[in-house]
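Right, one structure below, let's go through it.
From a predicted model like this one, the values you see are computed outputs, not experimental measurements. In this chain, residues are counted from 1 in sequence order.
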Amino acid sequence: MTNTSNRRILTFPAIHPCDTVSPAALLHAVIGLCHNITAHRFDDFPIHRRRARETLRQVGAILEFLEDVRDRGAILPSSVTVSFSELHVTLQKIRHLLHDCARPGARLWVLMLSDWVSCEFQVLVRSIATVLDVLPLETIDAAPEVKEVIRLVRRQAWKVAMGTDPADHRAVRSVWSILNQFKNGVAPARSNLKRVLEHLHIRSWTDCHEEVAFLEEEIFASSDDDEIALLASLMGFMVYCRVVLFDSMDGKRSHDHKDGNLQPQVIEHLRREDLRCPISLELMTDPVTVATGQTYDRASIVRWFKAGYLTCPVTGESLDSTELVPNSVIRKLVVQFCHQNNVSITEPNINQKRDLSKTASPFTPAGAGAIRMVAAFLVVKLSNGTSQEKYKATYEIRKLSKSNVFNRACLVEAGLIPWLLHLLSSITDPSIQEHAVGGLLNLAKHPDGRKAIFETGGLILVVDVIKMGFKIEAKQNAAAILFYLSSVEEYRIEIGDIPEAIPTLVELLRDGMYRGKKNALVALFGLLLYHGNHPKVWEAGAIPVLTNLLSSEMEDLVIDSTAVLEKIAEGKEGTSAILRYDVIPHVVEVLQSTTSRSGRESCVSILLSLCNNGGPKVVSILEKMPSLMPSLYSLVIEGSPIAGKKTRSLLNHIHSFQEQGYPAIFTQPVQNPVVHSQ
């Protein structure tokens, strides 16, 4: 069986019936496909309308014939098996093609491939004619008038011409003309843009956004340079339309949390059972929805299909399609439920993460020209716009800079960062502040963006948001901005010199939600790369907070906490600060329990630094922990070369203390110990 769950648009995988299938089963399956196809309405097709209408008419006639055969209940001759099998395959392909032509979000792409799509319609209609040619019509029990309809369909299928609609052809020419204007730096007339969008039935910000999202996904999925170039040009076209033509996002702020967290009250009433896959009974880390509307974890339902079952496991209904639709709402619910309830969650499909390096350079002059015009337009809206225009502009900036490196460069180059920073202190709208911070976070990932934030005096403004931001998400993202800025030595020094910066991060580390704690940890780690910030970190009370996090059920927070403690323990003053608290037993416990290689290595580094800087007092504590030794021996064998070297040094301290007395080990060179098997 062919798995179509990851079918790319305008590809037509089909399931071939097995050789032993009965004519009656084939009849039932073909009728199901016909019903699925004829469920489309003519209005579903803003483009390729005439071809879609002709195809639907032919499939409708075939459906009438097949239902008449089924209703008569006569036994079908085995000679129909070949015809019905080929019809089954052809109808699957027609279903895919019609679905793609009617698909919201893909209309511009399908329009620009009109000639190719026309050829596919022609091929599939000819396939219907071929099937009907070999169908043993005289041996099938059906009404004479219905048989005559089938003969008529067969003749017409051979004669019908499937050329590109003239209206589609004109729209394609208009798009190419507009792309040429973008290439030459000329802003296209709004009337020309609106005419193209109206032809495609794209009539709202949301419609435009769906087109942009689809084109972006296709860019990351494609490996063909010519295809990527066209996709990128069209995405620039649609981004320009979304930003410039639509003054509001469908008149409401329904997109505020589309890429962020769901409301806490939604999570509050959820039970773990609500988020389990009906098949595996495990939390759905990659939820997908099948044709019946039921949701399953992708791995489980794919195994179900591969086992030969073409039914919905919950409802028992037969499935005409094995296509799987990602359920992003359930995915977000699972993630937030896990974070709020300290449940570990595995990220799915880690190998399918996007390669953002693909977006570092402009794909085409047309796409680049469109984005540069968009950036200039957004600067005007941020500087002189109304509150609603500023809200929309900040949201657009956040969207554009999220996963496209070239977009970030254009937005920084246009001078947007000073205006975004200005909004942090001057605006009273929480949503505007949230999106301004989100946009700054994305732009801080670009070297020129970090430079602009620093040189515009944005450090204090970002710290103020962490301390007094309107929304939790704004505070969390502001902390992440400091992390990116701390990658530059000059900036991490300046951040440390702001009196409130490090104490504010420690406060977020102590009181924040999961994402806030995570971002505070990485920001503190970045700041600790400058030794002068070390005293400021422990004086702000970071060590007891980090110690508490070592007992967290969220392993990534535990591992990040050990990394921060490792940096603090490097100096003697840091060691003294750590030894004021009961940190060592917690570090040893993490070393024994964690499966993270980096976490175990950080624990050994902490203990070694404490021994080197803290002397026999620390070694005597470790010597009294016999359960520590097996973990150290294991790391000597399984750890990296550097980790193995540090572990041997730590073992040397402990063995020398046991065998010679502690004064010797601090006056004699460290020797590699002989590790005895247990």
Side-chain angles (χ1 to χ4, degrees), residues 10 12-17 19 21-42 44-45 48-102 115-165 320-321:
L10 298 179
F12 314 123
I15 300 171
H16 290 262
D19 295 337
V21 67
S22 69
L26 266 177
L27 176 65
H28 176 76
V30 172
I31 288 175
L33 282 171
C34 288
H35 276 296
N36 189 270
I37 291 169
T38 56
H40 283 292
R41 300 172 303 166
F42 292 150
D44 293 342
F45 303 95
H48 306 293
R49 292 175 65 87
R50 287 197 292 186
R51 290 181 294 282
R53 184 183 297 114
E54 176 61 26
T55 304
L56 287 173
R57 188 188 66 79
Q58 292 190 7
V59 174
I62 292 172
L63 175 60
E64 182 182 359
F65 164 72
L66 296 173
E67 288 185 328
D68 183 70
V69 172
R70 179 199 61 193
D71 294 343
R72 288 172 177 264
I75 297 176
L76 289 168
S78 59
S79 57
V80 305
T81 302
V82 173
S83 299
F84 279 9
S85 294
E86 290 303 317
L87 184 59
H88 185 269
V89 171
T90 300
L91 289 174
Q92 289 178 75
K93 295 180 179 181
I94 288 174
R95 180 188 60 193
H96 288 318
L97 180 56
L98 290 172
H99 175 271
D100 292 342
C101 289
D115 289 344
W116 186 89
V117 171
S118 297
C119 288
E120 288 302 310
F121 270 111
Q122 187 80 55
V123 168
L124 292 175
V125 168
R126 292 289 189 269
S127 296
I128 289 178
T130 301
V131 168
L132 297 182
D133 271 348
V134 298
L135 179 68
L137 199 57
E138 302 305 324
T139 66
I140 299 174
D141 183 16
E145 61 272 18
V146 174
K147 288 186 177 182
E148 186 57 36
V149 169
I150 289 299
R151 295 187 183 97
L152 179 62
V153 167
R154 181 176 59 196
R155 290 193 297 270
Q156 291 181 342
W158 282 116
K159 295 178 180 178
V160 67
M162 289 284 187
T164 301
D165 290 349
D320 293 328
S321 169

Check whether any side-chain heavy atom of [X] sits under 4.5 Å from a side-chain heavy atom of [Y], and report yes or no.
{"X": "I140", "Y": "V80", "answer": "yes"}
{"X": "V59", "Y": "L98", "answer": "no"}
{"X": "W158", "Y": "T130", "answer": "yes"}
{"X": "V89", "Y": "P17", "answer": "yes"}
{"X": "V21", "Y": "F84", "answer": "no"}
{"X": "F45", "Y": "H40", "answer": "yes"}
{"X": "F12", "Y": "V123", "answer": "no"}
{"X": "L132", "Y": "V153", "answer": "yes"}

For the [atom1] atom of [X] and the [atom2] atom of [Y], what is their distance to the nearest 0.5 Å?
{"X": "R41", "Y": "L56", "atom1": "CZ", "atom2": "CG", "result": "12.0 Å"}
{"X": "E145", "Y": "K147", "atom1": "CD", "atom2": "NZ", "result": "10.5 Å"}
{"X": "L33", "Y": "T90", "atom1": "CG", "atom2": "OG1", "result": "10.5 Å"}
{"X": "D100", "Y": "L10", "atom1": "CG", "atom2": "CG", "result": "5.0 Å"}
{"X": "E67", "Y": "R72", "atom1": "CD", "atom2": "CZ", "result": "13.5 Å"}
{"X": "F65", "Y": "I31", "atom1": "CZ", "atom2": "CD1", "result": "10.0 Å"}

Heavy-atom closest pair, residues [X] and [Y]:
{"X": "S83", "Y": "L135", "value": "OG-CA, 3.3 Å"}
{"X": "S85", "Y": "L26", "value": "OG-CD1, 3.4 Å"}
{"X": "G163", "Y": "S118", "value": "C-OG, 3.8 Å"}
{"X": "I128", "Y": "I94", "value": "CD1-CD1, 3.5 Å"}
{"X": "V69", "Y": "A142", "value": "CG2-CB, 3.9 Å"}
{"X": "A74", "Y": "D141", "value": "CB-OD2, 3.6 Å"}

Looking only at atom types and distance, does a side-chain atom of [X] sit under 3.5 Å from a main-chain N or O of [Y], one as donor and one as acceptor?
{"X": "K93", "Y": "A14", "answer": "no"}
{"X": "D44", "Y": "A102", "answer": "no"}
{"X": "D68", "Y": "A143", "answer": "yes"}

Side-chain H-bond candidate by donor/acceptor type, H88 with Q92, under 3.5 Å: yes

Give a yes-or-no answer on whether the side chains of E120 and H96 include a donor-acceptor pair shorter than 3.5 Å. no

Between R151 and E138, does any side-chain N to carboxylate O distance fall below 4.0 Å? yes

Other residues, nucleotides, ligands: >12 heavy atoms within 6.0 Å of H28 NE2: no

Tell me if the CG atom of D71 is crowded by more than 12 foreign heavy atoms within 6.0 Å. yes

For E54, enumerate each residue passing the side chain to side chain contact (heavy atoms under 4.5 Å, CB included) test, keeping only those at least two apart in sequence or located in another chain. R57, Q58, V160, M162

For R155, which residues count as a salt bridge (charged side-chain N to carboxylate O under 4.0 Å, His left out) partner, sequence neighbours excluded? E148

Determine, step by step, whether Q156 and K159 satisfy the side chain to side chain contact (heavy atoms under 4.5 Å, CB included) criterion, reporting the C-alpha distance in whole Å, the side-chain angles of both residues, the deciding distance to 0.1 Å, and the verdict. CA-CA 5 Å; Q156 291 181 342; K159 295 178 180 178; 5.7 Å; no

Taken in chain and number order and not counting sequence neighbours, the residues that satisfy ring pair (Phe, Tyr, Trp, His ring centres under 6.0 Å) with H99 are none

